[in-house]
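Okay, structure first, notes after.
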There are 2 protein chains.
Amino acid sequence: MAHDPARSAAIAAELRARIIGGGLQPGDRIRQEEVAAEFGVSRIPIREALRILESSGLVTLVASTGAWVTELSLEECREIYLMRERLEPLLLSLAMPTHTQESIAEFDQLAEVVEQAASPGDFLEADREFHRAVMAVPGTLRLSETVDHLWNLSHYYRRRLLSPEVSRRREDIVAEHRMILRALELGDVDSAEAIMAAHIRHTRRLVEAHPEMFARDRNGEER
Amino acid sequence: MAHDPARSAAIAAELRARIIGGGLQPGDRIRQEEVAAEFGVSRIPIREALRILESSGLVTLVASTGAWVTELSLEECREIYLMRERLEPLLLSLAMPTHTQESIAEFDQLAEVVEQAASPGDFLEADREFHRAVMAVPGTLRLSETVDHLWNLSHYYRRRLLSPEVSRRREDIVAEHRMILRALELGDVDSAEAIMAAHIRHTRRLVEAHPEMFARDRNGEER
DNA sequence: CCGGGCGGAATTGGATCCAATGATTGTTCG
DNA sequence: CGAACAATCATTGGATCCAATTCCGCCCGG
(Lines give C-alpha, C1' and ligand atoms only; values in the text may rest on other atoms or scores of the structure.)
Protein backbone atom coordinates (compact mmCIF):
# COMPACT_ATOMS: atom_id res chain seq x y z
CA MET A 1 0.00 0.00 0.00
CA ALA A 2 2.98 2.25 0.45
CA HIS A 3 3.69 2.36 -3.25
CA ASP A 4 0.78 2.58 -5.58
CA PRO A 5 1.88 3.17 -9.10
CA ALA A 6 -0.17 5.76 -10.88
CA ARG A 7 -1.12 7.30 -7.58
CA SER A 8 -0.99 10.62 -9.37
CA ALA A 9 -4.06 9.69 -11.38
CA ALA A 10 -6.00 8.95 -8.20
CA ILE A 11 -4.91 12.25 -6.68
CA ALA A 12 -5.88 14.07 -9.85
CA ALA A 13 -9.30 12.44 -9.68
CA GLU A 14 -9.74 13.49 -6.06
CA LEU A 15 -8.69 17.07 -6.75
CA ARG A 16 -10.98 17.15 -9.76
CA ALA A 17 -13.85 15.95 -7.61
CA ARG A 18 -13.12 18.73 -5.14
CA ILE A 19 -13.10 21.37 -7.84
CA ILE A 20 -16.30 20.07 -9.36
CA GLY A 21 -17.85 19.66 -5.94
CA GLY A 22 -16.98 23.18 -4.93
CA GLY A 23 -14.44 22.41 -2.25
CA LEU A 24 -11.87 24.18 -4.35
CA GLN A 25 -13.05 27.30 -6.11
CA PRO A 26 -11.77 29.12 -9.17
CA GLY A 27 -8.93 31.38 -8.21
CA ASP A 28 -7.86 29.26 -5.25
CA ARG A 29 -4.16 28.56 -5.17
CA ILE A 30 -3.01 24.97 -4.89
CA ARG A 31 0.25 24.55 -3.03
CA GLN A 32 2.07 21.35 -3.85
CA GLU A 33 3.37 20.80 -0.36
CA GLU A 34 -0.02 21.24 1.29
CA VAL A 35 -1.65 18.66 -0.94
CA ALA A 36 1.34 16.35 -0.61
CA ALA A 37 1.12 16.46 3.18
CA GLU A 38 -2.62 15.85 3.05
CA PHE A 39 -2.31 12.77 0.88
CA GLY A 40 0.80 11.58 2.66
CA VAL A 41 2.95 11.51 -0.46
CA SER A 42 5.82 13.52 -1.82
CA ARG A 43 5.37 16.44 -4.14
CA ILE A 44 6.17 14.45 -7.28
CA PRO A 45 2.79 12.75 -7.74
CA ILE A 46 1.16 16.08 -6.91
CA ARG A 47 3.01 17.74 -9.74
CA GLU A 48 1.87 15.00 -12.08
CA ALA A 49 -1.68 15.34 -10.87
CA LEU A 50 -1.58 19.08 -11.44
CA ARG A 51 -0.33 18.52 -14.96
CA ILE A 52 -3.17 16.11 -15.60
CA LEU A 53 -5.67 18.65 -14.35
CA GLU A 54 -4.01 21.38 -16.36
CA SER A 55 -4.39 19.30 -19.48
CA SER A 56 -8.14 19.34 -19.08
CA GLY A 57 -8.02 23.02 -18.24
CA LEU A 58 -9.26 22.72 -14.67
CA VAL A 59 -6.00 23.99 -13.23
CA THR A 60 -3.78 26.75 -14.53
CA LEU A 61 -0.05 26.25 -14.05
CA VAL A 62 2.39 29.14 -14.19
CA ALA A 63 6.01 28.11 -14.50
CA SER A 64 8.07 28.53 -11.36
CA THR A 65 5.16 30.30 -9.75
CA GLY A 66 2.31 28.04 -8.86
CA ALA A 67 -0.99 26.41 -9.63
CA TRP A 68 -4.45 27.89 -9.43
CA VAL A 69 -7.91 26.53 -9.98
CA THR A 70 -8.78 27.93 -13.38
CA GLU A 71 -10.90 31.04 -13.25
CA LEU A 72 -12.92 31.76 -16.35
CA SER A 73 -13.63 35.16 -17.74
CA LEU A 74 -17.03 35.71 -19.27
CA GLU A 75 -15.44 35.46 -22.71
CA GLU A 76 -13.83 32.13 -21.93
CA CYS A 77 -17.03 30.73 -20.54
CA ARG A 78 -18.87 31.92 -23.60
CA GLU A 79 -16.26 30.19 -25.73
CA ILE A 80 -16.80 26.96 -23.87
CA TYR A 81 -20.53 27.08 -24.42
CA LEU A 82 -19.97 27.85 -28.10
CA MET A 83 -17.80 24.76 -28.37
CA ARG A 84 -20.41 22.69 -26.61
CA GLU A 85 -23.06 23.98 -29.00
CA ARG A 86 -21.06 22.50 -31.85
CA LEU A 87 -19.65 19.36 -30.32
CA GLU A 88 -22.58 17.95 -28.37
CA PRO A 89 -24.94 17.80 -31.31
CA LEU A 90 -22.19 15.92 -33.14
CA LEU A 91 -21.72 13.53 -30.27
CA LEU A 92 -25.44 13.04 -30.01
CA SER A 93 -25.66 12.26 -33.72
CA LEU A 94 -22.95 9.64 -33.30
CA ALA A 95 -24.74 8.17 -30.31
CA MET A 96 -28.15 7.90 -31.89
CA PRO A 97 -27.50 4.84 -34.05
CA THR A 98 -26.59 2.91 -30.92
CA HIS A 99 -29.81 3.76 -29.12
CA THR A 100 -32.54 1.20 -28.69
CA GLN A 101 -36.06 1.22 -27.32
CA GLU A 102 -34.68 0.04 -24.00
CA SER A 103 -31.96 2.66 -23.75
CA ILE A 104 -34.42 5.40 -24.64
CA ALA A 105 -36.65 4.15 -21.86
CA GLU A 106 -33.72 4.52 -19.49
CA PHE A 107 -33.17 8.07 -20.66
CA ASP A 108 -36.78 8.69 -19.82
CA GLN A 109 -36.10 7.55 -16.29
CA LEU A 110 -33.09 9.85 -16.08
CA ALA A 111 -35.14 12.79 -17.31
CA GLU A 112 -37.62 11.98 -14.56
CA VAL A 113 -34.84 12.12 -11.98
CA VAL A 114 -33.84 15.54 -13.27
CA GLU A 115 -37.38 16.81 -12.97
CA GLN A 116 -37.75 15.62 -9.43
CA ALA A 117 -34.37 16.68 -8.12
CA ALA A 118 -34.78 18.44 -4.79
CA SER A 119 -31.63 20.50 -4.36
CA PRO A 120 -29.68 22.46 -6.96
CA GLY A 121 -26.80 20.04 -6.42
CA ASP A 122 -28.96 17.04 -7.17
CA PHE A 123 -30.38 18.78 -10.17
CA LEU A 124 -26.98 19.49 -11.66
CA GLU A 125 -25.86 15.95 -11.01
CA ALA A 126 -28.96 14.46 -12.58
CA ASP A 127 -28.80 16.82 -15.53
CA ARG A 128 -25.24 15.81 -16.22
CA GLU A 129 -26.13 12.16 -15.90
CA PHE A 130 -28.91 12.59 -18.42
CA HIS A 131 -26.68 14.28 -20.95
CA ARG A 132 -23.91 11.78 -20.45
CA ALA A 133 -26.24 8.86 -20.98
CA VAL A 134 -27.92 10.30 -24.04
CA MET A 135 -24.57 11.07 -25.66
CA ALA A 136 -22.69 7.94 -24.63
CA VAL A 137 -20.87 6.35 -27.54
CA PRO A 138 -18.57 3.36 -27.10
CA GLY A 139 -15.96 4.36 -29.64
CA THR A 140 -15.59 8.10 -29.45
CA LEU A 141 -12.88 8.56 -26.89
CA ARG A 142 -11.55 11.98 -27.79
CA LEU A 143 -14.82 13.64 -28.49
CA SER A 144 -16.52 12.53 -25.31
CA GLU A 145 -13.42 13.40 -23.33
CA THR A 146 -13.41 16.86 -24.80
CA VAL A 147 -17.07 17.33 -24.02
CA ASP A 148 -16.49 16.06 -20.52
CA HIS A 149 -13.72 18.60 -20.00
CA LEU A 150 -15.96 21.40 -21.19
CA TRP A 151 -18.61 20.36 -18.70
CA ASN A 152 -16.05 20.25 -15.91
CA LEU A 153 -14.73 23.67 -16.75
CA SER A 154 -18.10 25.32 -16.60
CA HIS A 155 -19.60 23.27 -13.77
CA TYR A 156 -18.83 25.82 -11.11
CA TYR A 157 -20.52 28.61 -13.00
CA ARG A 158 -23.49 26.41 -13.83
CA ARG A 159 -24.00 25.87 -10.14
CA ARG A 160 -23.74 29.55 -9.35
CA LEU A 161 -26.25 30.21 -12.06
CA LEU A 162 -28.74 27.74 -10.75
CA SER A 163 -29.08 29.27 -7.34
CA PRO A 164 -30.75 32.57 -8.21
CA GLU A 165 -32.44 31.49 -11.43
CA VAL A 166 -33.70 28.13 -10.41
CA SER A 167 -37.40 28.20 -11.09
CA ARG A 168 -37.80 29.59 -14.58
CA ARG A 169 -34.85 27.97 -16.32
CA ARG A 170 -35.51 24.62 -14.72
CA GLU A 171 -38.82 24.33 -16.47
CA ASP A 172 -37.16 25.16 -19.78
CA ILE A 173 -34.46 22.60 -19.24
CA VAL A 174 -36.97 19.92 -18.43
CA ALA A 175 -39.02 20.75 -21.49
CA GLU A 176 -35.95 20.70 -23.72
CA HIS A 177 -34.94 17.33 -22.36
CA ARG A 178 -38.35 16.02 -23.31
CA MET A 179 -37.97 17.44 -26.79
CA ILE A 180 -34.62 15.74 -27.18
CA LEU A 181 -36.13 12.45 -26.08
CA ARG A 182 -38.95 12.86 -28.55
CA ALA A 183 -36.45 13.36 -31.38
CA LEU A 184 -34.55 10.29 -30.23
CA GLU A 185 -37.71 8.21 -30.28
CA LEU A 186 -38.41 9.35 -33.81
CA GLY A 187 -34.83 8.74 -34.83
CA ASP A 188 -34.74 12.28 -36.21
CA VAL A 189 -31.05 13.14 -36.11
CA ASP A 190 -31.35 16.67 -37.47
CA SER A 191 -34.01 17.64 -34.97
CA ALA A 192 -32.08 16.10 -32.11
CA GLU A 193 -28.98 18.03 -33.07
CA ALA A 194 -30.89 21.28 -33.44
CA ILE A 195 -32.64 20.93 -30.12
CA MET A 196 -29.44 20.02 -28.35
CA ALA A 197 -27.74 23.09 -29.81
CA ALA A 198 -30.64 25.28 -28.75
CA HIS A 199 -30.61 23.73 -25.29
CA ILE A 200 -27.00 24.70 -24.80
CA ARG A 201 -27.45 28.06 -26.46
CA HIS A 202 -30.19 28.95 -24.01
CA THR A 203 -27.94 28.27 -21.08
CA ARG A 204 -25.22 30.34 -22.73
CA ARG A 205 -27.64 33.23 -22.97
CA LEU A 206 -28.29 32.89 -19.29
CA VAL A 207 -24.57 32.93 -18.59
CA GLU A 208 -24.13 36.05 -20.68
CA ALA A 209 -26.84 37.70 -18.65
CA HIS A 210 -24.81 37.24 -15.47
CA PRO A 211 -21.39 38.77 -16.09
CA GLU A 212 -21.02 39.52 -12.40
CA MET A 213 -20.02 35.89 -11.79
CA PHE A 214 -16.76 36.31 -13.66
CA ALA A 215 -13.36 37.76 -13.07
CA ARG A 216 -12.64 40.89 -15.06
CA ASP A 217 -10.88 39.08 -17.93
CA ARG A 218 -7.42 38.70 -16.39
CA ASN A 219 -7.25 40.86 -13.29
CA GLY A 220 -8.90 40.68 -9.93
CA GLU A 221 -7.35 37.40 -8.79
CA GLU A 222 -7.56 36.27 -5.17
CA ARG A 223 -11.21 35.41 -5.02
CA MET B 1 22.20 27.51 -18.26
CA ALA B 2 22.43 24.36 -16.21
CA HIS B 3 19.03 24.86 -14.65
CA ASP B 4 16.30 26.22 -16.82
CA PRO B 5 13.01 26.24 -15.06
CA ALA B 6 10.24 24.92 -17.24
CA ARG B 7 12.75 22.94 -19.23
CA SER B 8 10.06 20.31 -19.55
CA ALA B 9 8.04 22.64 -21.74
CA ALA B 10 10.97 23.10 -24.09
CA ILE B 11 11.52 19.36 -24.26
CA ALA B 12 7.85 18.81 -24.92
CA ALA B 13 8.01 21.33 -27.75
CA GLU B 14 11.02 19.57 -29.26
CA LEU B 15 9.39 16.16 -29.05
CA ARG B 16 6.21 17.56 -30.52
CA ALA B 17 8.20 19.02 -33.41
CA ARG B 18 9.77 15.62 -34.01
CA ILE B 19 6.42 13.88 -34.05
CA ILE B 20 4.93 16.48 -36.38
CA GLY B 21 8.04 16.48 -38.51
CA GLY B 22 8.01 12.72 -38.83
CA GLY B 23 11.15 11.95 -36.87
CA LEU B 24 8.99 10.05 -34.43
CA GLN B 25 6.18 8.03 -35.94
CA PRO B 26 2.92 6.75 -34.52
CA GLY B 27 3.54 3.53 -32.65
CA ASP B 28 7.13 4.38 -31.76
CA ARG B 29 7.93 3.83 -28.14
CA ILE B 30 9.47 6.68 -26.18
CA ARG B 31 11.79 5.55 -23.42
CA GLN B 32 12.28 8.11 -20.69
CA GLU B 33 15.93 7.30 -20.13
CA GLU B 34 16.86 7.55 -23.80
CA VAL B 35 15.36 10.99 -24.16
CA ALA B 36 16.80 12.06 -20.82
CA ALA B 37 20.30 11.07 -21.92
CA GLU B 38 19.87 12.82 -25.22
CA PHE B 39 18.83 16.11 -23.65
CA GLY B 40 21.31 15.75 -20.83
CA VAL B 41 18.71 15.94 -18.09
CA SER B 42 17.20 13.55 -15.62
CA ARG B 43 14.03 11.61 -16.27
CA ILE B 44 11.84 13.99 -14.29
CA PRO B 45 11.46 16.74 -16.92
CA ILE B 46 10.98 14.01 -19.51
CA ARG B 47 8.06 12.64 -17.55
CA GLU B 48 6.55 16.11 -17.38
CA ALA B 49 7.08 16.60 -21.08
CA LEU B 50 5.39 13.29 -21.82
CA ARG B 51 2.42 14.32 -19.70
CA ILE B 52 2.18 17.58 -21.60
CA LEU B 53 2.19 15.71 -24.89
CA GLU B 54 -0.31 13.23 -23.58
CA SER B 55 -2.66 16.03 -22.69
CA SER B 56 -2.82 17.08 -26.31
CA GLY B 57 -3.16 13.44 -27.34
CA LEU B 58 0.11 13.20 -29.24
CA VAL B 59 1.52 10.64 -26.85
CA THR B 60 -0.25 7.75 -25.18
CA LEU B 61 0.87 6.89 -21.66
CA VAL B 62 0.19 3.52 -20.11
CA ALA B 63 0.71 3.42 -16.37
CA SER B 64 3.84 1.60 -15.27
CA THR B 65 4.40 0.45 -18.80
CA GLY B 66 5.55 3.18 -21.11
CA ALA B 67 4.86 5.92 -23.59
CA TRP B 68 4.11 5.62 -27.28
CA VAL B 69 3.51 8.10 -30.03
CA THR B 70 -0.24 7.95 -30.43
CA GLU B 71 -1.38 5.75 -33.25
CA LEU B 72 -4.82 6.52 -34.60
CA SER B 73 -7.29 3.98 -35.81
CA LEU B 74 -9.40 4.93 -38.78
CA GLU B 75 -12.31 5.52 -36.44
CA GLU B 76 -10.32 7.87 -34.25
CA CYS B 77 -9.02 9.79 -37.22
CA ARG B 78 -12.54 10.07 -38.54
CA GLU B 79 -13.64 11.38 -35.17
CA ILE B 80 -10.95 14.03 -35.27
CA TYR B 81 -12.06 15.22 -38.66
CA LEU B 82 -15.66 15.30 -37.50
CA MET B 83 -14.64 17.49 -34.61
CA ARG B 84 -12.71 19.76 -36.94
CA GLU B 85 -15.76 20.02 -39.20
CA ARG B 86 -17.68 21.46 -36.30
CA LEU B 87 -15.06 23.52 -34.53
CA GLU B 88 -13.20 25.22 -37.35
CA PRO B 89 -16.27 26.85 -38.85
CA LEU B 90 -17.00 28.17 -35.37
CA LEU B 91 -13.48 29.48 -34.98
CA LEU B 92 -13.65 31.04 -38.41
CA SER B 93 -16.91 32.77 -37.56
CA LEU B 94 -15.31 34.21 -34.44
CA ALA B 95 -12.30 35.34 -36.42
CA MET B 96 -14.19 37.06 -39.19
CA PRO B 97 -15.20 40.20 -37.30
CA THR B 98 -11.51 40.89 -36.68
CA HIS B 99 -10.57 40.66 -40.33
CA THR B 100 -9.77 43.77 -42.35
CA GLN B 101 -9.00 44.49 -45.97
CA GLU B 102 -5.30 44.29 -45.15
CA SER B 103 -5.49 40.99 -43.31
CA ILE B 104 -7.53 39.46 -46.11
CA ALA B 105 -4.84 40.59 -48.54
CA GLU B 106 -2.31 38.72 -46.41
CA PHE B 107 -4.45 35.61 -46.55
CA ASP B 108 -4.38 35.96 -50.29
CA GLN B 109 -0.60 35.88 -50.17
CA LEU B 110 -0.67 32.80 -47.99
CA ALA B 111 -3.05 31.07 -50.39
CA GLU B 112 -0.57 31.87 -53.13
CA VAL B 113 2.20 30.22 -51.15
CA VAL B 114 0.07 27.11 -50.79
CA GLU B 115 -0.56 26.97 -54.51
CA GLN B 116 3.08 27.27 -55.37
CA ALA B 117 4.48 24.91 -52.77
CA ALA B 118 6.99 22.59 -54.36
CA SER B 119 7.22 19.61 -52.03
CA PRO B 120 4.46 17.86 -50.09
CA GLY B 121 6.15 19.03 -46.90
CA ASP B 122 6.06 22.66 -48.00
CA PHE B 123 2.49 22.26 -49.09
CA LEU B 124 1.37 20.93 -45.72
CA GLU B 125 3.26 23.65 -43.93
CA ALA B 126 1.78 26.39 -46.10
CA ASP B 127 -1.71 24.93 -45.85
CA ARG B 128 -1.53 24.93 -42.11
CA GLU B 129 -0.20 28.45 -42.07
CA PHE B 130 -3.12 29.57 -44.20
CA HIS B 131 -5.70 27.97 -41.96
CA ARG B 132 -4.05 29.26 -38.84
CA ALA B 133 -3.98 32.80 -40.16
CA VAL B 134 -7.55 32.78 -41.39
CA MET B 135 -8.82 31.45 -38.08
CA ALA B 136 -6.60 33.47 -35.76
CA VAL B 137 -8.58 35.09 -32.98
CA PRO B 138 -6.89 37.04 -30.19
CA GLY B 139 -9.20 35.96 -27.41
CA THR B 140 -10.15 32.36 -28.02
CA LEU B 141 -7.50 30.41 -26.18
CA ARG B 142 -9.23 27.11 -25.62
CA LEU B 143 -10.88 26.79 -28.95
CA SER B 144 -7.79 27.51 -31.00
CA GLU B 145 -5.75 25.25 -28.76
CA THR B 146 -8.20 22.44 -29.29
CA VAL B 147 -8.15 22.95 -33.04
CA ASP B 148 -4.37 23.04 -32.96
CA HIS B 149 -4.29 19.73 -31.13
CA LEU B 150 -6.59 18.16 -33.68
CA TRP B 151 -4.30 19.31 -36.48
CA ASN B 152 -1.27 17.91 -34.69
CA LEU B 153 -2.95 14.58 -34.14
CA SER B 154 -3.80 14.08 -37.76
CA HIS B 155 -0.72 15.70 -39.27
CA TYR B 156 1.10 12.45 -39.83
CA TYR B 157 -1.80 10.91 -41.71
CA ARG B 158 -2.32 14.05 -43.73
CA ARG B 159 1.24 13.78 -44.93
CA ARG B 160 0.87 10.15 -45.82
CA LEU B 161 -2.24 10.99 -47.71
CA LEU B 162 -0.61 13.71 -49.71
CA SER B 163 2.08 11.54 -51.25
CA PRO B 164 -0.04 9.30 -53.46
CA GLU B 165 -2.96 11.62 -53.97
CA VAL B 166 -1.14 14.84 -54.54
CA SER B 167 -2.33 16.13 -57.89
CA ARG B 168 -6.08 15.85 -57.79
CA ARG B 169 -6.79 16.83 -54.23
CA ARG B 170 -4.33 19.71 -54.35
CA GLU B 171 -6.40 21.44 -56.96
CA ASP B 172 -9.52 21.01 -54.89
CA ILE B 173 -7.83 22.37 -51.80
CA VAL B 174 -6.59 25.40 -53.66
CA ALA B 175 -10.03 26.06 -55.08
CA GLU B 176 -11.65 25.71 -51.68
CA HIS B 177 -9.18 28.14 -50.17
CA ARG B 178 -10.17 30.64 -52.83
CA MET B 179 -13.81 30.11 -52.03
CA ILE B 180 -13.17 30.72 -48.36
CA LEU B 181 -11.33 33.92 -49.19
CA ARG B 182 -14.19 35.06 -51.36
CA ALA B 183 -16.63 34.52 -48.50
CA LEU B 184 -14.32 36.46 -46.19
CA GLU B 185 -14.18 39.37 -48.62
CA LEU B 186 -17.95 39.45 -48.75
CA GLY B 187 -18.19 39.14 -44.99
CA ASP B 188 -20.58 36.23 -45.52
CA VAL B 189 -20.23 34.26 -42.30
CA ASP B 190 -22.65 31.49 -43.18
CA SER B 191 -20.98 30.77 -46.50
CA ALA B 192 -17.54 30.86 -44.95
CA GLU B 193 -18.59 28.35 -42.31
CA ALA B 194 -20.23 26.09 -44.84
CA ILE B 195 -17.25 26.10 -47.17
CA MET B 196 -14.84 25.48 -44.35
CA ALA B 197 -16.92 22.53 -43.19
CA ALA B 198 -17.04 21.14 -46.71
CA HIS B 199 -13.29 21.68 -47.09
CA ILE B 200 -12.61 19.54 -44.06
CA ARG B 201 -15.28 17.02 -44.96
CA HIS B 202 -13.66 16.44 -48.34
CA THR B 203 -10.37 15.61 -46.71
CA ARG B 204 -12.15 13.30 -44.33
CA ARG B 205 -13.65 11.45 -47.26
CA LEU B 206 -10.17 11.02 -48.64
CA VAL B 207 -8.98 9.65 -45.32
CA GLU B 208 -11.87 7.21 -45.23
CA ALA B 209 -10.85 6.00 -48.67
CA HIS B 210 -7.44 4.97 -47.38
CA PRO B 211 -8.01 2.68 -44.43
CA GLU B 212 -4.72 0.93 -45.11
CA MET B 213 -2.89 3.79 -43.37
CA PHE B 214 -4.29 2.85 -40.01
CA ALA B 215 -3.68 0.32 -37.33
CA ARG B 216 -6.38 -2.27 -36.96
CA ASP B 217 -8.28 -0.48 -34.18
CA ARG B 218 -6.14 -1.57 -31.23
CA ASN B 219 -3.84 -4.36 -32.30
CA GLY B 220 -0.84 -4.50 -34.54
CA GLU B 221 1.47 -2.35 -32.44
CA GLU B 222 5.20 -2.19 -33.13
CA ARG B 223 5.10 -0.35 -36.41
C1' DC C 1 6.09 61.02 2.10
C1' DC C 2 6.71 58.02 -1.71
C1' DG C 3 9.30 55.07 -4.96
C1' DG C 4 13.01 51.97 -6.17
C1' DG C 5 16.23 48.54 -5.02
C1' DC C 6 17.98 44.98 -1.92
C1' DG C 7 17.70 40.68 0.98
C1' DG C 8 15.43 36.70 3.09
C1' DA C 9 11.77 33.28 3.21
C1' DA C 10 8.65 30.44 0.78
C1' DT C 11 7.82 27.62 -3.16
C1' DT C 12 8.66 25.50 -7.32
C1' DG C 13 11.81 22.61 -10.62
C1' DG C 14 15.39 19.18 -11.19
C1' DA C 15 18.90 15.40 -9.84
C1' DT C 16 19.83 11.25 -7.65
C1' DC C 17 18.49 7.15 -5.43
C1' DC C 18 15.26 3.36 -4.30
C1' DA C 19 11.01 0.39 -4.71
C1' DA C 20 7.64 -1.91 -7.49
C1' DT C 21 5.55 -3.29 -11.61
C1' DG C 22 5.62 -5.39 -16.31
C1' DA C 23 8.09 -7.95 -19.89
C1' DT C 24 11.21 -11.52 -21.31
C1' DT C 25 13.75 -15.37 -21.08
C1' DG C 26 14.90 -19.88 -19.57
C1' DT C 27 13.33 -23.92 -17.30
C1' DT C 28 10.53 -27.64 -15.99
C1' DC C 29 6.57 -30.53 -16.10
C1' DG C 30 2.73 -32.68 -18.48
C1' DC D 1 7.49 -31.05 -28.09
C1' DG D 2 4.49 -27.50 -26.30
C1' DA D 3 2.84 -24.85 -22.61
C1' DA D 4 2.79 -22.98 -18.18
C1' DC D 5 5.53 -21.30 -14.49
C1' DA D 6 9.26 -18.88 -12.26
C1' DA D 7 13.18 -15.88 -11.86
C1' DT D 8 15.82 -12.20 -13.85
C1' DC D 9 16.05 -7.81 -16.18
C1' DA D 10 14.68 -3.58 -17.98
C1' DT D 11 11.75 0.38 -17.21
C1' DT D 12 8.63 3.17 -14.89
C1' DG D 13 6.86 5.61 -10.42
C1' DG D 14 7.90 7.73 -6.00
C1' DA D 15 10.84 9.75 -2.07
C1' DT D 16 14.37 12.62 -0.59
C1' DC D 17 17.56 16.20 -1.23
C1' DC D 18 19.38 20.37 -3.52
C1' DA D 19 19.40 24.54 -6.64
C1' DA D 20 17.09 28.38 -8.71
C1' DT D 21 13.46 31.49 -9.10
C1' DT D 22 9.74 34.29 -7.36
C1' DC D 23 7.47 36.97 -4.01
C1' DC D 24 7.31 39.54 0.07
C1' DG D 25 8.74 43.00 3.28
C1' DC D 26 12.21 46.21 4.57
C1' DC D 27 15.41 49.74 4.15
C1' DC D 28 17.54 53.49 2.01
C1' DG D 29 17.50 57.48 -0.85
C1' DG D 30 15.28 61.17 -3.25
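Reckoned from all heavy atoms, side chains included, excluding hydrogens, waters and symmetry mates. Letters A, B, ... mirror the listed sequences (proteins, then strands); counts begin at 1.
Not one side-chain nitrogen or oxygen of A:Gln32 sits closer than 4.0 Å to the OP1 or OP2 atom of C:dA10. Side-chain N/O atoms of B:Ser64 include none lying less than 4.0 angstrom from OP1 or OP2 on C:dT21.
Per the geometry, CD1 belonging to A:Ile44 stands 16 Å off P belonging to D:dT12, to the nearest Å. Summarising the geometry, the separation between CD1 on B:Ile11 and C1' on C:dA15 is reported as 13 Å, rounded to the nearest angstrom. The separation between B:Leu50 atom CG and D:dT11 atom P is 15 Å, rounded to whole Å. Look at CZ on B:Arg51: it is 15 Å from P on C:dG13, rounded to the nearest Å. If you take CG of B:Leu61 and P of D:dT11, they are 17 Å apart, rounded to a whole angstrom. As rounded to whole Å, 14 Å separates atom C1' of C:dC18 from atom CD of B:Glu33. Residue B:Ile46 contributes atom CD1, which lies 11 Å from atom P of D:dT12 at whole-angstrom precision.
Looking at A:Arg43, A:Arg18, A:Arg31 one by one, the single match for salt bridge (Lys or Arg N to Asp or Glu O under 4.0 Å) with A:Glu38 turns out to be A:Arg18.
Annotation: A:His99 is in aromatic contact with A:Phe107 [ring centroid separation under 6.0 Å].
Minimum atom distance to the side chain of B:Arg43 is reached by D:dG13, of the listed C:dA23, D:dG13, C:dG13. The A:Ser8 side chain lies nearest to D:dG14 when the options are D:dG14, D:dT12, C:dT11.
Within 4.0 Å (heavy atoms only), B:Ile30 reaches sugar-phosphate atoms of the nucleic acid but no base atom. Base engagement by A:Arg47 is indicated by at least one non-hydrogen atom pair under 4.0 Å involving a base atom. Using a 4.0 Å heavy-atom criterion, one finds that A:Arg31 contacts the sugar-phosphate atoms exclusively.
Between the side chains of A:Arg169 and A:Thr203, at least one donor N or O sits under 3.5 Å from an acceptor N or O. Checking A:Glu129 against A:His131 by side-chain atom types alone, no donor-acceptor pair falls below 3.5 Å.
Taking for each of B:Thr65 and A:Ser42 the nucleotide of DNA chain D with the nearest heavy atom, the 5'-most of the two is the partner of B:Thr65. Two residues, B:Pro45 and B:Arg29, neighbour DNA chain C, and the one matched to the more 5' nucleotide by heavy-atom proximity is B:Pro45.
Between A:Tyr157 and A:Phe214, the two ring planes are parallel [angle under 30°; tilted spans 30° to 60°].
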